[in-house]
S.K.: 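Before I ask anything, let me first share the structure, which is written out below as structure tokens.
Note that ligands are numbered from 1 as they come in the structure, with each ligand's atoms numbered from 1 the same way. Numbering of residues begins at 1 and proceeds along the displayed sequence.
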Amino acid sequence: MPESKSPPSLNHNNSCKQAVRSTVNFHRSIWGDQFLSYNERKDQACEEQRATELREKVRKELVIARSIEPTQHIKLLELIDAVQRLGVAYHFEDEIEECLKNIYLMYGDQWIDDDNLQSTSLWFRLLRQQGFNVSSGIFYKYKDENGHFLKSMKDDVQGMLSLYEATHMRVEGEEVLDEALEFTRYHLGNIIKKNICNDVSLETQIHQALQQPLRKRLPRLETLRYIPIYQQQDSRNDDLLTLAKLDFNLLQELHRKELSQISKWWKNFDVSNKLPYVRDRIVEGYFWILAVYFEPQHSESRIFLMKACNLVIILDDTYDNYGTYEELEIFTKAVQKWSISCLDMLPEYMKPIYQELLDVHKEAEEFLEKTGKTYRSYYTKEMVKEYTRNLLIEAKWANERYIPTVEEHMSVTLITCAYAMIIAKCYVYGDDSVTEHTFEWVSTYPPIVKASCLILRLMDDMATHKEEQERNHVASSVECYMKQYGISEEQTHELFTKLVEDSWKVINQESLRPTEVPRPLLMPPTNLARVCDVLYTRGDDYNHAGKEMISHIKSLLVDRLSV
Ligand SMILES: CC(C)=CCC/C(C)=C/CC/C(C)=C/COP(=O)(O)OP(=O)(O)O
């Protein structure tokens, strides 16, 4: 819990009068300076060489598998599933697309092995994940004449687990999948409760799946979870397994290098002295960004996102916590003008924030100018302006202790949750698949973006509202729902859990072909929704990293895998 106390002597007001501030001091970073420096490993080149060779071997297998007999198609799906779960699918996007497209064109909605629950569920999940809208009607085959799932399914534990994972690709109206989720969750839960599974690996997988289905897992964490499981399978492909471990270690080196670069930026910015009221959560923030994009081609994006998002945290703490309403009004006006000439009108402590905001965007703009893509900068700046205007509304509500209606609250806080702005920023360093239409699309809050924003807003508020209400924070969505509908906190949590599930259905729907923007551009909203499930399910793991979060960060950024 942060301790509320008066701020360090920061009388930066232009006026002589000491401002009355509502402030809270967050605890210091638990990571200290451990990620500040980075030394490259000596055996890096050798590992890269080995990984390249293995990559080509796996690629050949995927190419050969494309032309195999239909009877072998189940094996092909298992290979693709392993490649994806082991975190190396980004090397084989074209090959995987070709294989799954062939399977879709060959079978349509009629999967050959539909008597086999496990393979049918795998087929359904992999095709839906790839955007092919295969029908869930195939699962009616597993119901009896009374509309109940067949009793025999309970004995097929692997099949139930596979079906459970498949149901998380469901969209609104797919009742058969809603029911299948309830059925599998209940029976898999019973297996764990009664301790009746005699396969230890399967039992672990069930336990993990019930905690978090594959659809909501972060790809990097899934790689770590899946490697030991895959390693135990007799049918494993050893080249693929070694590649996954090597690739993980190589990427970890790149990530450590980036985190060191960004830690230096933060230190040079001297936030702890200039803005001591701001949270230092650089490492937790890097975890957040790594969840959006982990692949090497997004390295520049990650650096830009880290700077831009930590500025968002600085703004959030300034508007939510430290700034007086009058100061915030001035700052908001300056942001609308977006000009260094506004620096003089700002209170002293706000000057470095404004300066850095302009500098970080200028740096991106200079890069974009070289390729004639300055329109990207225009949209992102407009979204920052919109963001601060809405933060100011929140500050006003907090000041007046006003509890808005749910509709008013959402119209503002879906903007101040910052996800839409961050999604737009994910595209700034994107390749030519990003066009002006992409920015027009994201800035109008299309359904998938809105769903991702709503998931963050609701999950963040469920986790943080108690702590926030101990200070003068704007009323959270929890308070607004409770007041407007006269419901208890527990009922509100139940309602929010349902709204989060519905939002996932929207994400699934919007990811089916044809999509509004190229499918890879849908990964940022999807991954940003996933990260909420990791950060906010057990509390607020961004502000106060718990045991599990610390272990995630260590395994992603400190511990190497032995190959
Ligand atoms: C790299 C990095 C820092 C990534 C973070 C991503 C990011 C900027 C998310 C925006 C939402 C936000 C400020 C959440 C945490 O603060 P809060 O719970 O105080 O948010 P609230 O005030 O909106 O409730």
S.K.: Purely on distance, is any nitrogen or oxygen of R457 under 3.5 Å from one on ligand 1?
M.R.: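 Yes; the residue has a nitrogen or oxygen that sits under 3.5 Å from a nitrogen or oxygen of the ligand.
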S.K.: With atoms numbered from 1 as shown, which atoms in ligand 1 lie under 4.0 angstrom from a non-hydrogen atom of V312?
M.R.: 8 (C)
S.K.: Report the part of I422 (side chain from C-beta onward, or backbone N, CA, C, O) that has a heavy atom under 4.0 Å from ligand 1; answer both or neither where that applies.
M.R.: side chain
S.K.: Sub-3.5 Å donor-acceptor pair from the side chain of H361 to the main-chain atoms of L357, do we have one?
M.R.: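 It does hold such a pair.
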S.K.: Ligand 1 versus E468, non-hydrogen atoms closer than 4.0 Å: side chain, backbone, both, neither?
M.R.: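 Within the 4.0 Å criterion, E468 contacts ligand 1 through side-chain atoms alone.
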S.K.: How does E467 reach ligand 1, if at all, at less than 4.0 Å between non-hydrogen atoms: by side chain, backbone, both, or neither?
M.R.: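 None of E467 does.
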S.K.: Given that the side chain starts at C-beta and the backbone is N, CA, C, O, which of these parts of H473 lies under 4.0 Å from ligand 1, counting heavy atoms, or is it both or neither?
M.R.: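 The answer is the side chain.
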S.K.: For M306, counting its heavy atoms only, list the atoms of ligand 1 lying under 4.0 Å from any of them.
M.R.: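 Heavy-atom distances to M306 below 4.0 Å select 1 (C).
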S.K.: Can a side-chain donor-acceptor contact be found between E489 and H465 if the only test is distance below 3.5 angstrom?
M.R.: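 H465 vs E489: donor-acceptor pair found between side chains.
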S.K.: Just checking, is any N or O donor in the side chain of D540 or T464 under 3.5 Å from an acceptor N or O on the other one?
M.R.: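 Result is no, nothing qualifies.
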S.K.: Considering distance alone, does some N or O of Y536 sit under 3.5 Å from an N or O of ligand 1?
M.R.: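 No, there is no polar N/O contact under 3.5 Å.
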S.K.: For R560 and Q252, test the side chains for any donor-to-acceptor distance below 3.5 angstrom and give the result as yes or no.
M.R.: no
S.K.: So which heavy atom in the protein is nearest atom 12 (C) of ligand 1, and how far is it from that ligand atom?
M.R.: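 Going by distance alone, atom 12 (C) of ligand 1 is nearest to I313 CD1, 4.4 Å.
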S.K.: Is it the side chain, the backbone, both or neither of I289 that has a heavy atom closer than 4.0 Å to ligand 1?
M.R.: side chain
S.K.: Donor-acceptor pair, distance only, cut-off 3.5 Å: does the side chain of R302 make one with the backbone of Y293?
M.R.: yes
S.K.: Could you establish whether V474 and ligand 1 come within less than 4.0 Å of each other, counting only heavy atoms on the residue side?
M.R.: no
S.K.: Residue-level breakdown please: for S476 versus ligand 1, do any non-hydrogen atoms fall below 4.0 Å on the side chain, on the backbone, on both, or on neither?
M.R.: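 S476 to ligand 1: no contact under 4.0 Å from either part.
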S.K.: Mind running ring-ring contact (aromatic ring centres under 6.0 Å, His included) on Y90 and F294 for me, showing each step along the way?
M.R.: CA-CA 10 Å; Y90 74 97; F294 70 86; 5.7 Å; yes
S.K.: Taking atom 22 (O) of ligand 1 as the point of reference, which of D540, L456, D320 owns the nearest heavy atom?
M.R.: D320
S.K.: Between F26 and Y277, does the ring centroid distance fall short of 6.0 Å?
M.R.: no
S.K.: Using a 4.0 Å heavy-atom cut-off, say whether Y286 meets ligand 1 through its side chain, its backbone, both or neither.
M.R.: neither
S.K.: Any N or O on W288 sitting closer than 3.5 Å to an N or O of ligand 1?
M.R.: no
S.K.: For D460, is at least one N or O under 3.5 Å away from an N or O on ligand 1?
M.R.: yes
S.K.: Is the F496-Y481 ring centre distance short of 6.0 angstrom?
M.R.: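 Yes: the rings meet the under 6.0 Å criterion.
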S.K.: For ligand 1, which atoms sit closer than 4.0 Å to a heavy atom of Y542?
M.R.: 3 (C)
S.K.: More than 12 non-hydrogen atoms from neighbouring residues, nucleotides or ligands closer than 6.0 Å to CG on D432, yes or no?
M.R.: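 Count not over threshold, so no.
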S.K.: Any nitrogen or oxygen of D316, main chain or side chain, under 3.5 Å from a nitrogen or oxygen of ligand 1?
M.R.: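 Yes, D316 has an N/O under 3.5 Å of an N/O on ligand 1.
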S.K.: Determine whether E356 and W265 satisfy the following criterion, side-chain contact (heavy atoms from CB on, under 4.5 Å), listing intermediate values before the conclusion.
M.R.: CA-CA 11 Å; E356 198 61 34; W265 166 78; 2.9 Å; yes
S.K.: Any atom of ligand 1 sitting under 4.0 Å from a heavy atom of R279?
M.R.: yes
S.K.: Students should be able to answer this: which protein heavy-atom is nearest to atom 10 (C) of ligand 1, and at what distance?
M.R.: C417 O, 3.2 Å
S.K.: So between A463, C309, A291, whose heavy atom ends up nearest atom 1 (C) of ligand 1?
M.R.: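 It is C309 that holds the nearest heavy atom.
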S.K.: In sequence, state the C-alpha distance, the side-chain angles, and the governing distance for T332 and V335, and then conclude on side-chain contact (heavy atoms from CB on, under 4.5 Å).
M.R.: CA-CA 5 Å; T332 309; V335 173; 5.7 Å; no
S.K.: Is there a side chain to side chain donor-acceptor pair (under 3.5 Å) between E408 and Y402 once you walk through the steps?
M.R.: CA-CA 11 Å; E408 273 177 306; Y402 173 63; 2.7 Å; yes
S.K.: Please confirm whether the ring centroid of Y349 lies under 6.0 Å from the ring centroid of Y322.
M.R.: yes
